[in-house]
Amino acid sequence: MLERGYIYKGSYAGWYCRSDEAYLTSTQIEDRIGPDGTLVKVSSESGHPVELVEEENYMFKLGALVPDVRRWVETSNVIWPPNRKAEILNMLDSKLPDLSISRPRRKLQWGIPVPHDPEQTIYVWVDALTNYLTAQGFPTQGAPTHPMLHVIGKDIVKFHCVYWPAFLLAAGLELPQQVLVHGHWTMDGRKYSLRPPLVCPALQPTALPIHAIVALDPMSKSLGNVVDPVQLLDQADGVPDLVRYYLLKESRLDTDGDFSYRRLNAVTKELADTVGNLLSRISNQRVNSALEFPGLSVDDAPPPSPCQELITLGSSVAEEVRACYDRHDFGAGIEALLPLARRCNALINELEPWKLARDDSPAAQATLKSLLGGAFESLRVTAALLYPVTPALSLALIHRLGCDEQDLQCLTPAVPTTARELRVDKQPLIPRVDFGPPAQTDTRA
RNA sequence: GGCGGCGUAGCUCAGCUGGUCAGAGCGGGGAUCUCAUAAGUCCCAGGUCGGAGGUUCGAGUCCUCCCGCCGCCA
């Protein structure tokens, strides 16, 4: 960046708030009467006193790169969801001042020193954002070869959608392919704030980090207003993926999600009742005496057969779910995959396999086999479609079907040709869990 | 203060360029099977599409104003 002429040494003169470690413009401060009766200038946001400072900083020529950043932002699908794009363009329209990227060493000892100038410390976005590259071995191992996709919270949009691409442009590096911005969580419709992000060990390694949801309102700082994700996972009866399932099903990208135990229970029980229960319905000896995921020959599944119907439905479901996932709409994707299991349940009601099992006629046996084959294949596809959402649960399901991890890779259904022995387990695959707040409940009503 | 968005069945929301657009899911109500995890399946929503004007042969769907929300920036 230095070599390409985007960094210069400048002097800053203005208001500085020591306790907030923030430089403020004249519109961000106001007069107040101090304890000793004198007039003091304070930050209008924090109320902390400010002082007039003049100091040297390294500056980044942000303004010069705004047109290029804008071109990138305008590229279709680079900023997702679309409602964030307008906000960022709006930011770019307001005259962005050049960025101060260092502080005098005496004010800031703990940071990374500016190369060749020990009197200055890099602060703060240049060193922070560069981690995206250095963590992947840059520059010693060259620039990353795969495209970058950032998944970020809405609170750091400016840094990732304005500063970061500007830094990359200045350094002559490739820009991210996409920045995916998600919202925060509220609870019971009230404003909450994210507290120290914590990554849940139980969800590793394919986990999304989730955050404690904490009340903002100082009047309601009682225990009941905090949702501890670790505690939720502990309640999940050995299936922490239920929490992931809920979080992904009920949150939207374009706005904040509202957490509620009521919905958490409703949504996860719905999964247990449609998908989990479906497995139980066809994995018992009254219906499936061989306890197998049957393989079918062409003769077993002539065109108007249960298996064919489910395969046709499964194909269109898979296509739709995939389209939803491609636009990162997991809620819609999950909503779109459930009808496959629902149709299996309906067919079971309709064909009454428990009766077919007692009927020795070839027709009855063929129908039964086709139904079971189609239903198991549908469960296999459901597991595959749920894999990004509930990885561990999908593996458990596929295992019970007598399949292995490879079978999660194929998203489209096909007539099963080889029989597999089920791995039957008396324990329900998906428990019906009653999540709830901790015992010491909030007494405020 | 500036920019943008929203206000559609109890709740969460779909409704692209105006004429099957009055819908889905959940909740709620009713019916029914019994293989299954007190699980399944089926039927039932008559809501003046925030309010008032306007454009049009015709407007949740376009324009203006008003009311009420929200987001981002300052």
Side-chain angles (χ1 to χ4, degrees), chain A residues 24-30 44-45 73 79 81-97 153-158 161-162 181-184 186 188-191 237-239 242 246 249-260 262-289 291 320 324 329 331-339 341-359 368 371-372 375 379 397 400 424-434:
Chain A
L24 304 169
T25 66
S26 52
T27 58
Q28 292 173 295
I29 63 166
E30 60 188 47
S44 44
E45 193 172 322
V73 170
I79 305 296
N83 62 326
R84 296 291 171 197
K85 184 195 258 189
E87 294 176 3
I88 295 160
L89 289 174
N90 197 225
M91 278 184 219
L92 292 171
D93 282 340
S94 61
K95 292 252 169 10
L96 289 167
K154 65 177 185 178
D155 50 317
I156 48 176
V157 163
K158 187 176 190 178
C161 300
V162 178
V181 184
H182 66 254
H184 295 166
T186 61
D188 300 329
R190 282 174 293 178
K191 277 288 182 182
D237 203 2
V239 187
L242 289 177
Y246 164 74
K249 176 147 194 261
E250 293 280 292
S251 66
R252 304 158 50 94
L253 273 180
D254 58 349
T255 184
D256 290 345
D258 191 49
F259 179 90
S260 88
R262 187 188 196 80
R263 292 297 303 156
L264 172 60
N265 288 328
V267 158
T268 56
K269 281 178 181 174
E270 180 187 43
L271 182 67
D273 294 343
T274 55
V275 176
N277 186 40
L278 171 59
L279 176 66
S280 298
R281 298 182 80 184
I282 55 179
S283 304
N284 66 84
Q285 277 174 320
R286 290 170 157 278
V287 160
N288 187 346
S289 58
L291 291 180
E320 191 183 345
C324 293
D329 190 346
I334 291 166
E335 199 68 56
L337 68 82
L338 289 174
R342 290 213 172 96
R343 184 55 196 151
C344 290
N345 279 319
L347 270 177
I348 290 172
N349 285 6
E350 199 176 308
L351 299 174
E352 303 181 307
W354 53 94
K355 289 182 181 169
L356 296 175
R358 284 183 255 123
D359 184 339
L368 177 60
L371 173 63
L372 291 176
L379 277 175
L397 172 53
R400 290 201 189 195
V424 180
D425 191 328
K426 290 121 274 178
Q427 280 295 313
L429 175 72
I430 308 175
R432 308 182 83 245
V433 179
D434 285 304

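Keep in mind that the numbers below use all heavy atoms, side chains included, and drop hydrogens, waters and symmetry copies.
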Q) What does B:A74 pair with, Watson-Crick or G-U, if both distances are under 3.5 Å? A) none
Q: Find the partner of B:G23: check Watson-Crick (N1-N3 plus N6-O4 or O6-N4) and G-U wobble (N1-O2, O6-N3) distances, both under 3.5 Å, and reply none if neither fits.
A: B:C13
Q: Over all heavy atoms of both residues, which pair between A:P431 and A:A272 is shortest? Give the atoms and the distance, please.
A: O-CB, 4.0 Å
Q | Syn or anti conformation of B:G23, syn meaning chi within 90° of 0 | A | anti
**Q.** Distance (rounded to the nearest 0.5 Å) between A:D258 CG and A:E250 CD
**A.** 9.5 Å
Q: Looking only at side-chain atoms of A:K154, point me to the closest of B:C35, B:C13, B:C72.
A: B:C72
Q) Applying a 3.5 Å limit to both distances, which nucleotide forms a Watson-Crick or G-U wobble pair with B:G53? A) B:C63
**Q.** Expected output: side-chain A:D256 to main-chain A:H184 donor-acceptor under 3.5 Å
**A.** yes
Q: Would you please name every residue forming a side-chain contact (heavy atoms from CB on, under 4.5 Å) with A:R286, sequence neighbours left out?
A: A:N284
Q.
Categorize A:A86 for me: base, sugar-phosphate, or nothing, with a 4.0 angstrom heavy-atom threshold over every strand shown.
A. nothing
Q.
Considering every strand and a 4.0 Å limit on heavy-atom distances, what is the contact class for A:R432: base, sugar-phosphate, or nothing?
A. base
Q. What is the minimum heavy-atom distance between A:V181 and A:P81, and which atoms define it?
A. O-CD, 3.2 Å
Q | Separation of B:C13 C1' from A:L253 CG (nearest whole Å) | A | 15 Å
Q. So what's B:C35 paired with, Watson-Crick or G-U wobble, going by both distances under 3.5 Å?
A. none
(Q) Let me spell it out: for each of A:A272 and A:M91, pick the nucleotide of RNA chain B with the closest heavy atom. Which residue's pick is nearer the 5' end? (A) A:A272
(Q) Which nucleotide, if any, forms a Watson-Crick or G-U wobble pair with B:C69, using both distances under 3.5 Å? (A) B:G5
(Q) My understanding is that a pair needs two contacts under 3.5 Å, Watson-Crick or G-U wobble. By that rule, which nucleotide pairs with B:C42? (A) B:G30
(Q) Strictly below 4.0 Å, N to O, side chains only: are A:K249 and A:E270 in salt-bridge contact? (A) yes
Q. Distance between the P atoms of B:C72 and B:C26, in whole angstroms?
A. 32 Å
Atom pairs under 3.5 Å: protein N/O with N/O of nucleotides 22-31 of chain B:
| unit_1 | atom_1 | unit_2 | atom_2 | d |
| --- | --- | --- | --- | --- |
| B:C26 | O2' | A:R263 | NH1 | 2.9 |

(Q) Students often get this wrong, so: under 4.0 angstrom with heavy atoms, is A:K158 touching a base, only sugar-phosphate, or nothing? (A) sugar-phosphate
Q) Which of these nucleotides, B:C72, B:C35, B:U37, is closest to any side-chain atom of A:R84? A) B:C72
